[in-house]
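Heavy-atom basis, side chains included; hydrogens, waters and symmetry copies ignored. Each chain gets a letter, A, B and so on, in the order its sequence line appears, and its residues count up from 1.
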Amino acid sequence: MSSDIRRADEAINELEINRDLSQYIVHCDADAFYAAVEELDHPELKEVPMAVGVGVLTTCNYHARKFGCRSGMAGFVAMKLCPHLVCLPLNFEKYTAVAQKVREVFAEYDPNFQSASLDEAYLNITEYCNQYQRDPVEAVQQMRAEIHLRSKITVSAGIAANAKLAKICSNKNKPNGQFHLANDRGAIMSFMRGMPTRKVNGIGRVFERELDAIGVKTCGDIYAYRGYLSKLFGEKAFQFLMTCYLGIGRTDIRPAEESERKSVGTESTFRDMNDKTELRTKLRHIAEELEKDMKRTQFKGRTLVLKIKLHTYEVFTRQIAPPTAVHKADDLYKYSLPMLAKLEKEIPGLTLRLMGLRCTNLISMKKDGIDFFGMTKSIISRPAIQKEFSNNDDEWEVWPEDEFEEAARQERQDEMNEIEALSQAEADAQNDDTPHRYAHGKEVLPNPVPSGQQEATDIEEENTWSCPICSRPQSANDKAFNEHIDLCLSRQTIEEAVKASSTQESTPSSVRRESSLLEKSIPKKRGRPTKSDSADTGHAQKKLFFS
DNA sequence: GCGGATCAC
DNA sequence: TATGGTGATCCGC
């Protein structure tokens, strides 16, 4: 046991030796971005509870939050919390346009800034500050003012020595504020000491609970348990937790690249369905949706994954490797159908609420021009986004030799078979109103609720509020009430509710793993013990080697 | 490599 | 009345 502690201390030493305090990393996070953008078009909504989303809320403005409405919340729950809530449909064209204005400002401070999503980005402003002899805090202040000037939206920012810390800091003074954590080891250590584990990007609800179960509530608590963590949660999680305790994170900020895509998939939820013909129709439809995405992203997949969710919310996946890489609906359907049929055999009375298809082991079909013989020439994992400032042009992904050969062979074969089809697809794409990258859930075009709705009901008049999920009275206190809703929405509650309400035949044990029962008294090895260092990158992990 | 599970947005 | 979709990663087997 003391050897475990010694090993942990060595790991800490190793990390400590390479601690980098020389960089100024900024995490920028727009405030209620989608809602804020909508407010630009609908100024009258500024003082009214407003949320944006389809089915599930994507963002809520501050008025909506006062009622407990939050992103990630089902629309019907939010409407119960706040009956005069105005819900707007998503409009990604609008959001991207505004995001683009913001990105223009980012680029002036760090041409290599990394977008983590539409409304989040990491910047390394070290060079900027050196070049212009600027104080990081003032520089960020000015950048945020500039963003507001040009885009009319507000962003919050965190400034710190690395991405992990900056991400936490950007939430400190939200909205429309910033927080600076000095590049000082002592300041960082004490900052992390009291930091609840959940605040760290990569530690979710589950891991938080598991850590809590052994007595770790804050990142500072991690140290005392350093001798146990590897055995409990695995080596990766151990390393990650050490970086949390130390407040260490990556400092290399580079633009994310399309080339790092590893899968393309689509899935959809529907009313409970057990009719075999209907299920096949649904599968066929999903295959066609996926074909569109494969065409848009220009990939084929050598592996096809079928995902289903039962009416009990249990999720299963099955995958196969078709004889050739697939991307067309006919093939996607043809090869996924046997998987569905097998599941129907394994799980009698199969009743689904979700079906999805995903391609992995991708082969890029991006055209890099026309080769000598007039054949379309495919390339492997070409970085798709030519950022004007990108200095990473030489960083093409390299495949192992034999894989490359196989892929090339595969492609030649497919091209012989499908060259006509492909040029047809190309022609289609030209006339196509190419669906937006985020344009999903298009079948549901909900409820722009008229703004002049009647006043709030008597929700707030009593000193208890009724939980919209469990209907039990809760204390009329924002924080406590929200926490209760979190609990109520947890999967445990869902499963209990489903079990209690449906006297369903249990899933045969042949396909159900013991661990699918969510109750567990002893923490087990974690399914996903957080990416070692890229949990806060928002894109594929780039391993950091300390040299 | 497969299937389950977790996490971010 | 009725809980989303996309993508990534890690673990045990």
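Within the 4.0 Å cut-off from OP1 or OP2 of C:dG7, at least one side-chain nitrogen or oxygen of A:R358 is found. A:T303 has no side-chain polar atom (N or O) that falls below the 4.0 Å cut-off from OP1 or OP2 of B:dG1. OP1 or OP2 of B:dG4 lies within a sub-4.0 Å distance of a side-chain N or O belonging to A:R318. Contact annotation: A:N361 side-chain N/O to B:dG1 OP1/OP2 distance is not under 4.0 Å. For A:T58 and B:dC9, the shortest distance from a side-chain N or O to OP1 or OP2 is not below 4.0 Å. For the pair A:K307 and B:dC2, the criterion of a side-chain N or O lying under 4.0 Å from OP1 or OP2 is not met. Using a 4.0 Å cut-off, no side-chain N or O of A:T317 falls inside it from OP1 or OP2 of B:dG3.
At whole-Å resolution of the value, NZ in A:K164 and P in B:dA8 are 13 Å apart. Across the protein-nucleic acid pair, A:F207 atom CZ and B:dC7 atom P stand 8 Å apart, rounded to whole Å. Remark: C1' of B:dA8 and NZ of A:K167 are 8 Å apart, rounded to the nearest angstrom. With rounding to whole Å, A:R261 atom CZ is found 8 Å from C:dG7 atom C1'. The distance from atom NZ of A:K309 to atom C1' of C:dG5 is 10 Å, rounded to the nearest whole Å. A:K236 has its NZ atom 13 Å from the P atom of C:dG12, to the nearest Å. As a whole-Å value, the separation of A:Y34 OH from B:dC9 C1' is 8 Å. Here the C1' atom of nucleotide C:dT6 and the CZ atom of A:F92 are 11 Å apart, to the nearest Å.
Surrounding NZ of A:K101 are at most 12 heavy atoms belonging to other residues, nucleotides or ligands under 6.0 Å away. Around NZ of A:K174, the count of heavy atoms belonging to other residues, nucleotides or ligands within 6.0 Å exceeds 12.
Ring to ring, A:F207 and A:F233 are close: their centroids are under 6.0 angstrom apart.
Checking C:dT3, B:dC2, B:dC9 against the side-chain heavy atoms of A:S117 singles out B:dC9 as nearest. When distances are taken from the side chain of A:D119 to each of B:dC9, C:dA2, C:dG5, the shortest belongs to B:dC9. Considering only side-chain atoms of A:Q319, the nucleotide from C:dA2, C:dT6, B:dG3 that sits closest is B:dG3. The side chain of A:L354 lies closest to C:dG5 when the candidates are C:dA8, B:dC9, C:dG5. Between C:dA8, C:dG5, B:dC9, one nucleotide has an atom nearer to the side chain of A:K262 than all others, and that is C:dA8. The side chain of A:V206 lies closest to B:dT6, out of C:dG5, B:dT6, B:dG3. Distance from the side chain of A:S268 is smallest to C:dG5 among C:dG5, C:dT6, B:dG4.
Remark: the A:H27 side chain and the A:S170 side chain contain an N/O donor-acceptor pair separated by less than 3.5 Å.
With hydrogens and angles ignored, the 3.5 Å screen pairs no side-chain donor or acceptor of A:E288 with any backbone N or O of A:H285.
In this structure, A:R296 does not pair ionically with A:E291, as no charged nitrogen and carboxylate oxygen lie closer than 4.0 Å.
Between A:V264 and A:R353, the one whose closest nucleotide on DNA chain C sits nearer the 5' end is A:R353.
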